[in-house]
Amino acid sequence: MVHGAYDSFELINNCPTKIDAVESYGSKLLVGCSDGSLRIYGPDSSIADQSPPFDSLALRKKPYALERTVAWFSKKALLSMKILESRGLLLSLSESIAFHRLPNFETIVVIAKAKGANVYSWDDRRGFLCFARQKRVSIFRHDGRGFLEVKEFGVPDTVKSISWSGENICVGVRKDYMILNATNGALSEVFSSGKIAPPLVVPLPSGELILGKENIGVLVDQNGKLVQAGRICWSEAPIAVVIQKPYAIALSHRRVEIRVLHDACHLIKSNNAIVVASNNSVYGLFPVPLGAQIVQLTASGEFEEALTLCKLLPPKDADLRAARERLIHTRYAHYLFENGCYEEAMEHFLASQVDITYVLSLYPSIVLPKTTTIPKPEKLMDLSPDDSSGLSDDLETLLPQPSESDENAAFEFKKTSHNTLMALIKYLQKKGYNIVEKAAAEGMEEVVLDAIGDNFTSARSKKSNKRHDNVPINSAARDMAAILDTARLQALLLTGQPSAALELLNGLNYCDVKICEELLQNGNHYAALLELYKSNSMHRESLRLLHQLVEESKRNQSHAGEFGPEAIVEYLKPLCGTDPMLVLEFSLFVLENRPTQTIELFLSGNIPAGMVNAYLKQHAPNMQGRYLELMLAMNENRISANLQNEMVQISLSEVLEWYSELSAQQMWDEKAYSPTRKKLLSALESISGYNPEALLEHLPPDALFEEHAILFGKMNQHELALSLYVHKLHVPELALAYCDRVYDSAVHRLPVKSCGNLYLTLLQIYLNPPKTTKYFENSIMNLASSPNTSTQKVSSVASLKSKVGRKKIASIEGAEDMRIGPSNTDTTIEESSEEGGSTVMFDQVLDLLSRRWDRINGAYALKSLPRETKLQNLLPFLGPLVKKSSEAYRNSSVIKSLRQTENLQVKDELYNQRKATVKISRDSTCSLCDKKIGTSVFAIYPNGKTLVHIVCFRDSQNKKGVTRGSLLKKR
């Protein structure tokens, strides 16, 4: 749309002679006339100035009057003039190119070689002048004193237009444009100027060029390459073009593009205006202030052009430019919104930086939370005088209203509503990052301030809440974040995007609980509702809803795959460290349905074992033992000795109950193992924190012998334990495994011989089975019935009746205390031989000796065997034993020989050292007193060189002793 970019004003009227050239010099106008004179015009001081106040060196918007005339300025008519401000010169082109000093206009140099030149171009940065005459292009350089010729090149035809293009020259020859290399004269064609219009080369401030092609100005770079999407269209082919950013002003045969001026002949650019000259008049095109142009374009709906002009406002008006841009963006956004371009409208709302409440006021279906820090959005601003394009407050009036009879209209209305909400979602997403970031930073700053203040305890409670909703805080940032997230959630749900709504709630959000809770409940969006509760630390409400959903899924199988007991377990996991009591309260339901997962929850959540145990003991006693088992399996150190004891007692009570039932039915079998009994035996073996004496009181004396044996082993009553394995359980393998277990645990801290004494105890039990059974039964009865006797040591079988005293069983309180003397062994051999071998468990004896020969003292074992034992049966025992003893003897002999050899070597070295001789001459002196040795008794130090008198040596030793004594006294 056309708008007033320039104001035309007649500066000079009725010039007496024809104007051939015009140029501006500060606030003056230089007019070259056809008679060769130069007329100098200045602002008429008698007439009021219509231009705003600005630089005094700029053209004024008022009539100009003739100040003086320079006659015979040129011999022929001037073709053009150019002010070289940086060098204080005026360049004129007539029959040749001349340079005149300003401000007096005297001619200082005429380039004779430029005679007949028709076009030229000046490079002010380098001081280079290029011009064309006939078929030649010449290059001159201004060195401060004069002009020096640099190069001259030939071209195919007369040059009609010329301009510097960086380091090269762009020329218009015939109907073609060419790039002339200023170094070597090479020509490269660009393109044709067309059939009608002559070539026209116009340099741009950016270094690019405008090349005329008929009525189109084509933009090229300095190498003649087309600039992407760069072209300017004119109404007809221009004669001349000047650039005054942001406009390109073209002069054609009959008009100037900006304003129609008949019979215009010349067009130049001054500091602040465009000068257009006809035959007898000069006009100034003064640019309309950018602010006024912006207002015109905005009022006429040309928002893109208005925004482009805003970028051209000077830096000092940055605040004004930003305000105008925001205003235009807002107006443009409303215009686009009215015309159904919703996404584009939201982009301009973003650029306008209006509050989101302003945009949300266009959406009456979006419910916003009430705040005290965010003011209500203002009504639509008056952006035009008549406010003809104002928007209604109700979005419904902006959209096509459906009629009851027109289904297509209803569909279009629904589609339009959906499009508006989708555009709103994108807008809120782009706005959301900065708003939520400010809210989060504000919350973190508040926590830090509270942490270093007096309210440290309350600060910690706030920190655990992501939103701090439980604390009334007057926060504009968080209120704005709440508005944004609440509106975004509603828009997502209204457009059918529950998964996106769930994703929003999964992250950091500030959704208003009351509004969103009602919306999610009405839409049955339970997963999103759970996340809403969770994000606001409303865990009790969330768990209640989960419990309700699980119950409903059990009744009608709805949400069966989504809401099961596992969902409650997963929800409770993060709460174990922050609210263990809430976890225990809501785990009761899942404990019945998913006991293993619930107990694993307790274990993985580091909830104190005592707390969980007390809770299970009260609410689910049948799961108490299972919990303690899993806890112990994970790490024995995580539960105390009391809990270990309690776990064993729970397992023992279950086993005793099972034993009572079988005993009542007379079906008890000592070798029967139920899962519960296996669990008890494993616990007794692996756990070390329980009290074995207390457990023995609960065991029946005539059953559960394996349990007895394990408990006796825990009490270091190894002999009783082994007797139970052999005589009651009749499982020698268990007895041997018991010995191995004790041996392996003690071998690292006790001598090997002491550790092997336990195998001798087992050997004695095999050798005297019938005589010790009654004693062990009595001992078991006493230990089980009396706590006081349970800790007494079993001394010896000699305390029994005289018939039982044939074989002495060594008492084993601990492997480290076991010692068997030769006298005891002698008695044992004699008693065993008297008794005979009929009752001896000879097979077990031989098996023990053959399998553990390396852990048993061979001499003692042989003395313990009956006299009638055949040597052939002892080969599996004696063979490796003798071999090992022989190897040990041989190794010891070798070591002894090596030690003797080493001793001899040391002695030999000592003898060699003692063979050293010292020669005492008359010049030999004492190193202590510096006197000659002479015939005195002397001593020599181990190095064999240092000599001292024996008296001096003794004195020095006595002094050292006295010094040490005094130092000790001081200490």
Side-chain angles (χ1 to χ4, degrees), residues 609-610 613-614 616-617 621-633 636-664 668-729 731 734-735 737-738 741-742 745 776-794 812-814:
N613 184 64
L616 294 177
K617 195 172 185 178
N622 57 327
M623 297 303 302
Q624 184 184 7
R626 175 64 174 159
Y627 165 72
L628 293 175
E629 290 172 22
L630 291 174
M631 190 68 145
L632 187 68
E636 182 179 348
N637 297 326
R638 294 180 65 175
I639 61 176
S640 62
N642 292 334
L643 290 181
Q644 294 182 27
N645 196 41
E646 187 170 354
M647 189 202 79
V648 175
Q649 288 181 357
I650 292 172
S651 299
L652 180 59
S653 63
E654 295 176 359
V655 172
L656 290 176
E657 184 179 354
W658 172 66
Y659 164 74
S660 300
E661 293 177 359
L662 294 181
S663 297
W668 171 250
D669 182 6
E670 188 65 34
K671 295 184 179 180
Y673 294 95
S674 66
T676 307
R677 189 182 183 192
K678 291 180 181 179
K679 180 174 61 178
L680 174 62
L681 291 172
S682 176
L684 293 175
E685 286 283 359
S686 59
I687 297 176
S688 59
Y690 61 86
N691 185 1
E693 291 88 347
L695 295 178
L696 275 174
E697 298 178 7
H698 301 287
L699 290 176
D702 56 347
L704 301 175
F705 295 117
E706 190 169 353
E707 286 80 354
H708 279 91
I710 295 174
L711 293 175
F712 283 135
K714 293 290 184 179
M715 297 163 59
N716 287 332
Q717 300 293 337
H718 304 300
E719 190 174 4
L720 290 176
L722 292 173
S723 299
L724 287 173
Y725 285 126
V726 174
H727 298 310
K728 291 298 183 181
L729 295 173
V731 185
L734 291 179
Y738 178 86
R741 191 162 56 250
V742 175
S745 64
F776 292 128
E777 289 178 352
N778 293 335
S779 299
I780 293 172
M781 292 291 294
N782 293 335
L783 288 170
S785 61
S786 175
N788 297 327
T789 61
S790 62
T791 59
Q792 296 177 356
K793 296 189 290 184
V794 180
I812 301 178
E813 175 65 20

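Starting from 1, each residue takes its place in the sequence as its number.
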Shortest non-hydrogen contact between Ala709 and Leu724, atoms and distance: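 So the minimum-distance heavy-atom pair works out to N-CD1, 3.5 Å.
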Side chains of Trp658 and Thr676: does their closest heavy-atom pair fall under 4.5 Å?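 Of all side-chain heavy-atom pairs linking Thr676 with Trp658, none is under 4.5 Å.
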So, taking the atom named CG in Leu704 and the one named CD1 in Ile710, what distance separates them when rounded to the nearest 0.5 Å?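 Nearest 0.5 Å value for the CG-CD1 distance: 10.5 Å.
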Roughly how far, to the nearest 0.5 Å, is the OG atom of Ser723 from the CD atom of Gln717?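 It is 11.0 Å, given to the nearest 0.5 Å.
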Gap separating the CG atom of Asn691 from the NZ atom of Lys714, nearest 0.5 angstrom: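 Taking CG in Asn691 and NZ in Lys714, the distance rounds to 12.5 Å.
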For the student: nearest non-hydrogen atoms of Ala735 and Leu722, plus distance: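 Ala735 and Leu722 have their closest heavy atoms at O-CD2, 3.5 Å.
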Can you name the nearest heavy-atom pair linking His708 to Ala703, along with the distance?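 Scanning both residues completely, I find the closest heavy atoms to be CE1-O, 3.1 Å.
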When you compare the side chain of Ser674 with that of Val655, does any pair of heavy atoms fall below 4.5 Å?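 Sidechains of Ser674 and Val655: no contact.
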CG/Leu734 to CD/Glu706 distance, rounded to the nearest 0.5 angstrom?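 Rounded to the nearest 0.5 Å, the CG-CD separation comes to 5.5 Å.
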Nearest 0.5 Å, please: how far is CG in Leu652 from NZ in Lys679?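 Taking NZ in Lys679 and CG in Leu652, the distance rounds to 11.5 Å.
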Do Tyr738 and His718 have side chains that approach each other closer than 4.5 Å (heavy atoms only, starting at C-beta)?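 Yes, at least one pair of side-chain atoms sits under 4.5 Å.
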